[in-house]
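Working notes, structure below.
We use all heavy atoms of the structure for the numbers below, so side chains are in, but hydrogens, waters and symmetry mates are not. Owing to the predicted nature of the structure, the values given are computational and were not obtained by experimental measurement.
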Amino acid sequence: MKFANRTFIVSGDSSGLGLATVLDLLASNTYISILDHSPPPESVTLPSSHMQYIQINITNVNQIQKAVDMTAQWTEKTCAPRGGIINCAGVGTAAKILNTSNEPHDLDLWDFAIAVNLTGLFNLTRLALPHLVKVKPEDMPDSEHGVVIFVSSAATGQPGQTAYAAMRGAMHSMTLPMARCNKLSQSYISWSD
């Protein structure tokens with residue numbers, strides 16, 4: 001896939017791997033719609049002509065839809081066709097299934113981790129795909145319309161990562177069926193902390 005002069009929605013990109021992804025893509029003359037609850041740090045200089053920041057709560061489907069619509073409008077202004085969705089948003093939650101007092105894993109913590117790390121990414125992808133599949137396929141052998149990338153982690157096997165591991169396993173499992181249904185590239189990125 002060619003990244004230059006294409007627009008990518010990147011979630012969770014105000015820090016960590018998401019921010020590194022944004023910086024790398026911007027170096028390739030890519031347009032980025034940054035969706036995050038916090039703006040990128042002021043210490044990082046980002047070219048305003050090639051990026052827009054939209055504050056969202058990734059667990060709020062109405063905010064996600066509004067951000068997707070705003071990104072679609074922005075691509076019309078920039079004339080940079082959509083290139084894909086890069087899902088970096090995530091939270092690390094640590095809790096053993098039984099703590100040292102033999103109390104069970106907190107269900108609110110489980111629900112929060114699943115809402116951010118799985119349901120939020122699913123909603124962003126499903127709401128952005130109708131725009132992405134309308135993009136004229138690239139003149140390449142696979143004739144893809146764009147890419148959807150789910151960023152994962154090697155932390156899934158560590159003690160206390162039950163919710164995180166369950167969510168990442170579900171995320172991996174949904175990636176291939178999405179790609180097959182939508183002629184999108186299937187991508188996995190593994191990240192070890």
Side-chain angles (χ1 to χ4, degrees), residues 1-94 108-109 111-128 131-132 146-155 158 161 163-164 167-168 171 187-193:
M1 158 160 263
K2 299 172 192 163
F3 292 94
N5 297 313
R6 303 284 300 259
T7 300
F8 288 81
I9 294 175
V10 184
S11 69
D13 39 10
S14 290
S15 64
L17 186 56
L19 180 58
T21 300
V22 166
L23 294 173
D24 192 49
L25 288 171
L26 287 170
S28 301
N29 202 33
T30 304
Y31 289 77
I32 306 292
S33 185
I34 295 174
L35 311 185
D36 204 326
H37 68 281
S38 299
E42 292 180 13
S43 61
V44 178
T45 304
L46 300 173
S48 60
S49 64
H50 277 67
M51 56 128 313
Q52 71 170 353
Y53 165 68
I54 304 170
Q55 183 176 24
I56 68 163
N57 174 344
I58 196 70
T59 66
N60 184 311
V61 72
N62 293 325
Q63 290 182 21
I64 296 169
Q65 182 65 67
K66 184 177 178 182
V68 167
D69 294 342
M70 289 171 68
T71 301
Q73 293 168 1
W74 186 55
T75 60
E76 299 303 319
K77 291 178 187 175
T78 63
C79 298
R82 296 162 199 90
I85 307 151
I86 303 175
N87 291 286
C88 296
V91 294
T93 58
D108 289 337
L109 185 62
D111 289 342
F112 175 68
I114 299 300
V116 171
N117 296 343
L118 182 61
T119 308
L121 305 184
F122 172 75
N123 280 328
L124 174 57
T125 302
R126 76 177 180 86
L127 294 172
H131 297 282
L132 190 58
V147 296
V148 173
I149 299 172
F150 292 96
V151 177
S152 191
S153 169
Q158 297 176 1
Q161 297 294 328
Y164 191 79
M167 175 278 311
R168 290 300 181 199
M171 184 186 68
S187 300
Y188 292 102
I189 297 176
S190 292
W191 179 260
S192 180
D193 297 326

Any side-chain heavy atom of [X] sitting closer than 4.5 Å to one from [Y]?
X      : Y      : answer
Thr7   : Gln52  : no
Leu46  : Ile34  : yes
Leu121 : Met171 : yes

Is a side-chain donor or acceptor of Asn87 paired with a backbone partner of Ser11 at a separation under 3.5 angstrom? no
If only atom types and distance count, is the side chain of Thr75 paired as donor or acceptor with the main-chain N or O of Ala80 below 3.5 Å? no
How far apart are the C-alpha atoms of Asn57 and Thr59, what are their side-chain angles, what is the distance that settles it, and do they pass the side-chain hydrogen bond (donor to acceptor under 3.5 Å, both in side chains) test? CA-CA 5 Å; Asn57 174 344; Thr59 66; 2.6 Å; yes
Which atom names give the shortest non-hydrogen contact between [X] and [Y], and what distance separates them?
X      : Y      : result
Asn117 : Tyr164 : ND2-CD1, 3.7 Å
Tyr53  : Asp36  : OH-O, 3.2 Å
Gly18  : Val10  : O-CG1, 4.4 Å
Cys88  : Thr21  : SG-OG1, 4.1 Å
Ile56  : Ala67  : CG2-CB, 3.8 Å
Ile64  : Gly120 : CD1-O, 3.9 Å

Rounded to the nearest 0.5 Å, how far does [atom2] of [Y] lie from [atom1] of [X]?
X      : Y      : atom1 : atom2 : result
Thr93  : Ile114 : OG1   : CD1   : 8.0 Å
Ile85  : Arg126 : CD1   : CZ    : 12.0 Å
Met167 : Gln161 : CE    : CD    : 9.0 Å
Ile9   : Ile54  : CD1   : CD1   : 7.5 Å
Ile86  : Leu124 : CD1   : CG    : 11.0 Å
Phe150 : Thr125 : CZ    : OG1   : 3.5 Å

For Glu76, enumerate each residue passing the salt bridge (charged side-chain N to carboxylate O under 4.0 Å, His left out) test, keeping only those at least two apart in sequence or located in another chain. Arg82
Under the rule for ring-ring contact (aromatic ring centres under 6.0 Å, His included), what residues qualify as partners of His50, not counting sequence neighbours? Tyr31
Please lay out, stage by stage, how Leu127 and Val61 fare under the test side chain to side chain contact (heavy atoms under 4.5 Å, CB included). CA-CA 9 Å; Leu127 294 172; Val61 72; 3.8 Å; yes
Walk me through whether Asp69 and Gln73 qualify under side-chain hydrogen bond (donor to acceptor under 3.5 Å, both in side chains). CA-CA 6 Å; Asp69 294 342; Gln73 293 168 1; over 6 Å; no
Residue Phe112 excluded, over 12 heavy atoms near CZ under 6.0 Å: no
